[in-house]
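I have placed the structure first, in the form of structure tokens, so that the comments after it can refer back to it.
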Amino acid sequence: LGKDFVYEITQAPVEVVVANIPGTFYDGDPMPKLTVQSVTPNVPGEIAWNDSSLVYGQNEYGWTWTPKDNNNYQSDTGTVMLEVLQATINEIVVSGDFETQYTAYEAFNPDGMVVTAYYDSDPEHERGVVLKSSDYTLSVENGNTDRLIVANNTITVSLKEDTGVSTKISIIVSKLAVGIPSEIKGLVYNGGEQKGVAEGEHYMLSVDAAATDAGDYVATARLTDKANTRWDTAEPDDTTPKEIGWSIAKMVVSGEIVA
């Protein structure tokens, strides 16, 4: 009688050698290109990383080579040691649709402003990170952003981290137009001091703006901050003192005029 023989054909082992991987690598970067240098025996297959991104430090990253004929050939695995550097922000860029024209004493409004950070690992600016407002500060050389003055023509955007990374955006701050004060009409002598010109912000009045006796007077109004204010006239930068005439009429008592 014949005999049956049981035998097993196992998958052939494959030895894969990975080519050297040149370059500088940064934390968070995608995995670099992985190239097969040789396959023994020479059979087709595909190689892929086991990891999806790089991590800061010196680490081993695993790879797996898979044969197209996975019935007859084994897969192969290995690791590559890579030195990964810490990526740091080296530039910030401001974009967006936000207000750049202001009147003196207004606050800077960052609504619509987009601040994007770029890392030294991304010299082509392909993977910018949009920052939150809590990640950066806004400042001006003179004063503060809550009360702009004409001298403020740039806003400095700086990272809160002590990196020294900042950028400037241009703004225009115009003088505040102040209305010329007007006389207070209808004043009649009453024995007490009366103001003949209305008081207001951003200007001061001469002593002639108030009087007791009936008569005609001329008060002078002067701007208190000529660097940031102007009179609201047709002249573009009118800061000259303004004279305002006013009067106190005589009191009429029992048909007689009392001075």
Side-chain angles (χ1 to χ4, degrees), residues 24 26-29 56 85-181 197-206 209 219-244:
T24 303
Y26 292 91
D27 180 32
D29 278 357
Y56 171 68
L85 305 178
Q86 180 69 59
T88 57
I89 296 174
N90 66 348
E91 184 178 2
I92 55 177
V93 175
V94 176
S95 60
D97 184 13
F98 59 96
E99 184 62 50
T100 58
Q101 297 191 31
Y102 295 88
T103 299
Y105 310 135
E106 286 185 327
F108 177 73
N109 181 8
D111 290 350
M113 187 174 74
V114 179
V115 181
T116 305
Y118 292 97
Y119 289 79
D120 49 9
S121 60
D122 180 26
E124 301 301 323
H125 287 187
E126 296 175 339
R127 302 188 304 277
V129 177
V130 176
L131 301 179
K132 298 179 293 185
S133 59
S134 57
D135 295 330
Y136 56 86
T137 60
L138 303 173
S139 62
V140 291
E141 291 185 7
N142 301 298
N144 59 74
T145 57
D146 291 332
R147 186 178 170 85
L148 297 172
I149 57 176
V150 173
N152 301 143
N153 53 20
T154 58
I155 299 287
T156 300
V157 185
S158 307
L159 287 179
K160 281 191 174 179
E161 299 176 0
D162 188 17
T163 61
V165 178
S166 64
T167 189
K168 294 181 183 293
I169 54 177
S170 298
I171 62 171
I172 298 174
V173 182
S174 302
K175 288 186 175 184
L176 173 67
V178 179
I180 298 174
V197 180
E199 295 181 336
E201 292 185 310
H202 309 301
Y203 61 84
M204 60 184 299
L205 298 170
S206 63
T220 302
R222 292 179 172 83
L223 293 171
T224 55
D225 183 5
K226 292 194 292 185
N228 293 292
T229 59
R230 64 175 181 83
W231 294 117
D232 189 8
T233 65
E235 296 182 34
D237 192 19
D238 185 359
T239 59
T240 58
K242 301 302 178 186
E243 293 185 341
I244 305 99

Nearest heavy-atom neighbours spanning [X] and [Y]:
X: Ala221; Y: Leu205; answer: CB-CD2, 3.8 Å
X: Tyr203; Y: Gly179; answer: CE2-O, 4.3 Å
X: Val197; Y: Ala219; answer: CG2-CB, 3.7 Å
X: Thr156; Y: Lys168; answer: OG1-NZ, 2.9 Å

Val115 and Val130: CA distance, side-chain angles, deciding distance, side-chain contact (heavy atoms from CB on, under 4.5 Å) verdict: CA-CA 6 Å; Val115 181; Val130 176; over 6 Å; no
A side-chain contact here means heavy atoms from C-beta on lying under 4.5 Å apart; do [X] and [Y] qualify?
X: Trp231; Y: Lys242; answer: yes
X: Tyr26; Y: Asp120; answer: yes
X: Ser158; Y: Tyr136; answer: no
X: Met113; Y: Leu138; answer: yes
X: Leu131; Y: Ile92; answer: yes
X: Val93; Y: Tyr118; answer: yes
X: Ile89; Y: Thr163; answer: no
X: Thr167; Y: Val94; answer: yes

What distance separates [X] [atom1] from [Y] [atom2], expressed to the nearest 0.5 Å?
X: Tyr119; Y: Leu85; atom1: OH; atom2: CG; result: 15.0 Å
X: Ile155; Y: Ser166; atom1: CD1; atom2: OG; result: 13.0 Å
X: Glu91; Y: His125; atom1: CD; atom2: NE2; result: 4.0 Å
X: Asp135; Y: Leu159; atom1: CG; atom2: CG; result: 8.0 Å
X: Asp225; Y: Leu176; atom1: CG; atom2: CG; result: 9.5 Å
X: Asp238; Y: Lys226; atom1: CG; atom2: NZ; result: 10.5 Å

Are Asn142 and Asn152 close enough, and set up right, to give a side-chain contact (heavy atoms from CB on, under 4.5 Å), and what steps lead you there? CA-CA 7 Å; Asn142 301 298; Asn152 301 143; 4.0 Å; yes
In terms of heavy-atom contacts, does [atom1] of [X] have more than 12 from other residues, nucleotides or ligands at under 6.0 Å?
X: Glu99; atom1: CD; answer: yes
X: Lys132; atom1: NZ; answer: no
X: Gln86; atom1: CD; answer: yes

Does Asn228 use its side chain to pair, donor to acceptor, with the backbone of Val150 at less than 3.5 Å? yes
Do Ile169 and Thr154 pass the side-chain contact (heavy atoms from CB on, under 4.5 Å) test, and can you show the C-alpha distance, the side-chain angles, and the key distance before you say yes or no? CA-CA 5 Å; Ile169 54 177; Thr154 58; over 6 Å; no
Let me see the working for Arg127 and Asp29 under side-chain contact (heavy atoms from CB on, under 4.5 Å), right down to the final yes or no. CA-CA 10 Å; Arg127 302 188 304 277; Asp29 278 357; 3.0 Å; yes
Would you call the rings of His202 and Tyr105 parallel, tilted or perpendicular if under 30° counts as parallel and over 60° as perpendicular? parallel
Thr137 vs Lys160, side-chain hydrogen bond (donor to acceptor under 3.5 Å, both in side chains): CA-CA, chis, key distance, verdict: CA-CA 6 Å; Thr137 60; Lys160 281 191 174 179; over 6 Å; no
Tell me whether Asp237 is salt-bridged to Lys175, with the criterion being a basic N under 4.0 Å from an acidic carboxylate O. yes
Looking at the rings of Phe108 and Tyr102, which for Trp means the six-membered one, are their centres under 6.0 Å apart? yes
